[in-house]
> 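Below is one structure. I have some questions about it.
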Amino acid sequence: MFFDEPKPKGKVVILPVTNADKKKAVIFGHSHVWSIRRALAAGWAHSDVIIKDLACGTKELPGSIVYRSEDGRTRINSVILSIIHRISSSKCASNTSFVSMVEGNYYNRLGMFVEGAIFDFVLKEHVEIPLTPGATVLPTSAVIDALEAQMKQLRDFLPALVRETGGKRIIVVGPPPPSASNTLITKRLKTESESLSISPASVRLKLWVLQNQLVGNYCKKNGIQYLSGDLTGTLDSAGYTRLEFMKDSVHPNHTYANHLLNAIAEYIV
């Protein structure tokens with residue numbers, strides 16, 4: 001079906017390792033999947049794993065990730081539900097993992113740009129990340145509340161995803177940390193309001209860390225594996241994503257995606 005070997009033409013060729021022997025994963029999600037698609041199209045491969053992207057971006061995954069049905073239950077997006085049902089009824093169901101990259105840019109929406117005074121907050125687990133001089137220091141609880149308000153759909157989505165898949169073989173992938181450079185963000189700022197300014201990189205990094213903590217906890221609560229986006233080989237010494245791995249102000253490029261595909265493969269072998 002999704003992972004079947006191509007039928008040979010003419011003389012039958014006997015392959016030493018078939019697709020049926022390999023672990024498999026299907027990826028669905030929004031804009032962060034574009035770099036995955038490009039990396040796969042460029043020929044990413046693994047000796048023991050096959051990965052395919054089955055829904056990428058809002059055009060292929062339109063609408064909300066969850067909705068409330070007439071009976072009051074939380075239902076997941078029909079495109080994702082279709083993917084789950086098709087895989088679950090296929091011959092490769094028992095060794096296929098579902099990889100979710102839905103949404104993900106919460107910390108960027110909250111803190112990439114500010115209007116008015118710069119804000120900051122204390123992240124007690126990472127006191128080495130300093131406060132910004134002159135910034136308005138907000139209670140960490142208020143920042144958590146602001147992030148969680150954006151993540152309500154995700155919190156509803158995860159248990160519904162577990163229910164639809166039987167709770168097995170789910171991986172949620174988080175976004176990469178921000179870049180320390182403002183180069184790509186400055187380009188984006190030109191399309192935004194003139195009243196906005198760019199948040200300090202340290203604030204954006206703390207927001208990313210906080211998002212990972214929250215989503216990681218949601219996943220743990222629902223028995224889901226969480227793969228953080230701070231991948232070995234893509235970060236600088238302070239934990240920021242190196243600029244050469246960024247496509248734009250919020251999305252990684254296909255070179256980063258190669259690292260991510262390798263990390264997903266290691267999760268499922």
> Taking His30 for its side chain and Thr58 for its backbone only, find out whether a donor-acceptor pair lies under 3.5 Å.
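No; zero donor-acceptor contacts below 3.5 Å.
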> Could you list all the salt bridge (charged side-chain N to carboxylate O under 4.0 Å, His left out) pairs where at least one residue sits in residues 29-47, not counting sequence neighbours?
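Matches after skipping sequence neighbours: Arg37-Asp53, Arg37-Glu60.
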> What is the distance from atom OG of Ser97 to atom CD of Gln225, rounded to the nearest 0.5 Å?
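The OG atom of Ser97 sits 7.5 Å away from the CD atom of Gln225.
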> Please tell me whether Asn222 and Arg163 have a donor and an acceptor in their side chains that are separated by less than 3.5 angstrom.
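No, because no side-chain N or O of Asn222 sits under 3.5 Å from a partner of the opposite role on Arg163.
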> Which residue pairs pass the ring-ring contact (aromatic ring centres under 6.0 Å, His included) test with at least one member in residues 247-269, sequence neighbours excluded?
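Sorted pair list: His32-His251, Phe245-His259.
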> What heavy-atom pair brings Pro176 and Tyr107 nearest, and what distance separates the two atoms?
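That would be O-OH, 3.2 Å.
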> At what distance, to the nearest 0.5 angstrom, does NZ of Lys22 lie from OG of Ser47?
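One gets 7.0 Å once the value is rounded to the nearest 0.5 Å.
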> Under 4.5 Å side-chain heavy-atom separation, chaining through any Ile, Leu, Val, Met, Phe, Trp or Tyr, what else clusters with Leu243? Say none if it is isolated.
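For the cluster that includes Leu243, the remaining residues are Leu184, Met246.
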> Would you say Pro177 and Leu205 make side-chain contact, with heavy atoms under 4.5 Å?
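A side-chain contact exists here, since the closest heavy-atom pair is under 4.5 Å.
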> Is Gln211 close to Pro175 at the side-chain level, that is, under 4.5 Å between some pair of heavy atoms?
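Yes, their side chains come closer than 4.5 Å.
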> Could you pull out the closest heavy-atom pair between Leu138 and Val143, with the gap in Å?
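It is CB-CG2, 4.2 Å.
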> Is there a donor-acceptor contact under 3.5 Å from the side chain of Asp236 to the main chain of Tyr240?
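At least one qualifying donor-acceptor pair exists.
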> Measuring from Ile118:CD1 to Thr132:OG1, what's the distance to the nearest 0.5 Å?
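Answer rounded to 0.5 Å: 7.5 Å.
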> Of all the heavy-atom pairs spanning Thr136 and Ala117, show the shortest one and how long it is.
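Heavy atoms of Thr136 and Ala117 come nearest at OG1-CB, 4.0 Å.
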> Apart from Trp34 itself, what residues make up its hydrophobic cluster when side-chain heavy atoms of I, L, V, M, F, W and Y under 4.5 Å apart count as a link, directly or indirectly?
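Listed partners: none, Trp34 stands alone.
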> Hey, could you give me the CG/CG distance between Leu123 and Leu210, rounded to the nearest 0.5 Å?
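Spacing of CG (Leu123) from CG (Leu210) equals 6.0 Å.
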> Output all residues satisfying salt bridge (charged side-chain N to carboxylate O under 4.0 Å, His left out) with Lys152, sequence neighbours left out; order by chain, then residue number.
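Partners of Lys152 under the salt bridge (charged side-chain N to carboxylate O under 4.0 Å, His left out) test: Asp156.
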> Is it the case that Thr183 and Ser181 place a side-chain donor and acceptor less than 3.5 Å from each other?
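Thr183 vs Ser181: donor-acceptor pair found between side chains.
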> Taking ring-ring contact (aromatic ring centres under 6.0 Å, His included) as the cut-off, I'd like each qualifying pair that reaches into residues 55-98, sequence neighbours left out, listed once.
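Found none.
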> Would Ser100 and Ile171 count as a side chain to side chain contact (heavy atoms under 4.5 Å, CB included) here? Give the steps.
CA-CA 6 Å; Ser100 173; Ile171 301 171; over 6 Å; no
> Hey, are the side chains of Leu54 and Ile27 touching, using non-hydrogen atoms and a 4.5 Å cut-off?
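Leu54 does not reach Ile27 side chain to side chain.
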> Does Arg155 form a side chain to side chain contact (heavy atoms under 4.5 Å, CB included) with Lys221? I'd like the steps, not just the answer.
CA-CA 10 Å; Arg155 296 201 306 275; Lys221 180 180 179 181; over 6 Å; no
> Is there a donor in the side chain of Tyr106 and an acceptor in the side chain of Glu148, or the other way round, less than 3.5 Å apart?
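Checked: Tyr106/Glu148 side chains show no N/O donor-acceptor pair below 3.5 Å.
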> Within the 4.5 Å heavy-atom criterion, are Arg68 and Thr74 side-chain neighbours or not?
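Yes, side chains in contact.
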> Can you name the closest pair of heavy atoms from Phe121 and Lys206 and give their distance?
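Of all heavy-atom pairs spanning Phe121 and Lys206, the closest is O-NZ, 2.7 Å.
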> Given side chain to side chain contact (heavy atoms under 4.5 Å, CB included), test Ile185 with Ser199 step by step and report yes or no.
CA-CA 10 Å; Ile185 302 177; Ser199 286; over 6 Å; no
> Closest approach of Ser35 and Ala257, non-hydrogen atoms and distance?
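Reported closest heavy-atom pair: O-CB, 3.3 Å.
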> Once salt bridge (charged side-chain N to carboxylate O under 4.0 Å, His left out) is applied, do any residues pair with Glu128, and if so which ones, sequence neighbours excluded?
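If we apply the salt bridge (charged side-chain N to carboxylate O under 4.0 Å, His left out) test to Glu128, skipping adjacent residues, there are no hits.
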> Would you please say whether a donor-acceptor pair under 3.5 Å links the side chains of Asn262 and Trp44?
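The answer is yes; a qualifying pair exists.
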> List the atom of Trp208, the atom of Pro178, and the distance in Å for their closest heavy-atom pair.
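Smallest heavy-atom distance, with atoms named: CB-CD, 3.8 Å.
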> Considering only Ile, Leu, Val, Met, Phe, Trp and Tyr, and joining two whenever side-chain heavy atoms are under 4.5 Å apart, list the other residues clustered with Val122.
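Grouped by the 4.5 Å side-chain rule, Leu131, Val137 form the rest of the cluster around Val122.
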> Checking Thr96 against Arg169: is there a side-chain donor and acceptor pair closer than 3.5 Å?
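Result is no, nothing qualifies.
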> Under 4.5 Å between any side-chain heavy atoms of Ile129 and Glu125, yes or no?
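When only atoms from C-beta onward are counted, Glu125 and Ile129 do not touch, as no gap falls below 4.5 Å.
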> Going by salt bridge (charged side-chain N to carboxylate O under 4.0 Å, His left out), name the residues that satisfy it together with Asp145, two or more places apart in sequence or in a different chain.
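Residues passing salt bridge (charged side-chain N to carboxylate O under 4.0 Å, His left out) with Asp145: none at all.
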> Answer yes if the side chains of Tyr226 and Asn212 hold a donor-acceptor pair under 3.5 Å, and no otherwise.
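A pair is found: one side chain offers a donor N or O, the other an acceptor, under 3.5 Å apart.
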> Test Leu61 against Val33 for side chain to side chain contact (heavy atoms under 4.5 Å, CB included), laying out the working first.
CA-CA 11 Å; Leu61 195 57; Val33 183; over 6 Å; no
> Please identify which of these residues, Leu260, Val99, Val172, meets the side-chain contact (heavy atoms from CB on, under 4.5 Å) condition with Leu227.
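Testing each of Leu260, Val99, Val172 against Leu227, the sole residue satisfying side-chain contact (heavy atoms from CB on, under 4.5 Å) is Leu260.
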> What pairs meet the salt bridge (charged side-chain N to carboxylate O under 4.0 Å, His left out) rule with one or both residues in residues 172-189, with sequence neighbours excluded?
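Pairs touching residues 172-189 that pass the test: Arg188-Glu192.
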> At what distance, to the nearest 0.5 angstrom, does CG of Leu231 lie from OG1 of Thr241?
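That separation rounds to 8.0 Å.
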> Applying salt bridge (charged side-chain N to carboxylate O under 4.0 Å, His left out), name anything that partners Arg109, two or more places apart in sequence or on another chain.
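For Arg109, no residue satisfies salt bridge (charged side-chain N to carboxylate O under 4.0 Å, His left out) once neighbours in sequence are set aside.
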> Is there a path of hydrophobic side-chain contacts, each under 4.5 Å between heavy atoms of I/L/V/M/F/W/Y residues, joining Leu235 to Leu207?
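No.
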> Could you list all the salt bridge (charged side-chain N to carboxylate O under 4.0 Å, His left out) pairs where at least one residue sits in residues 242-254, not counting sequence neighbours?
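The answer is Arg242-Glu244.
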> Nearest 0.5 Å, please: how far is CD1 in Ile83 from OG in Ser78?
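Reported to 0.5 Å precision, the distance equals 10.0 Å.
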> Would you say Arg204 and Asn182 make side-chain contact, with heavy atoms under 4.5 Å?
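Of all side-chain heavy-atom pairs linking Asn182 with Arg204, at least one is under 4.5 Å.
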> Between Phe157 and Ser64, is any pair of side-chain heavy atoms under 4.5 Å apart?
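Answer no - side chains too far apart.
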> Side chains of Asn77 and Val66: does their closest heavy-atom pair fall under 4.5 Å?
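Asn77 vs Val66: side chains apart.
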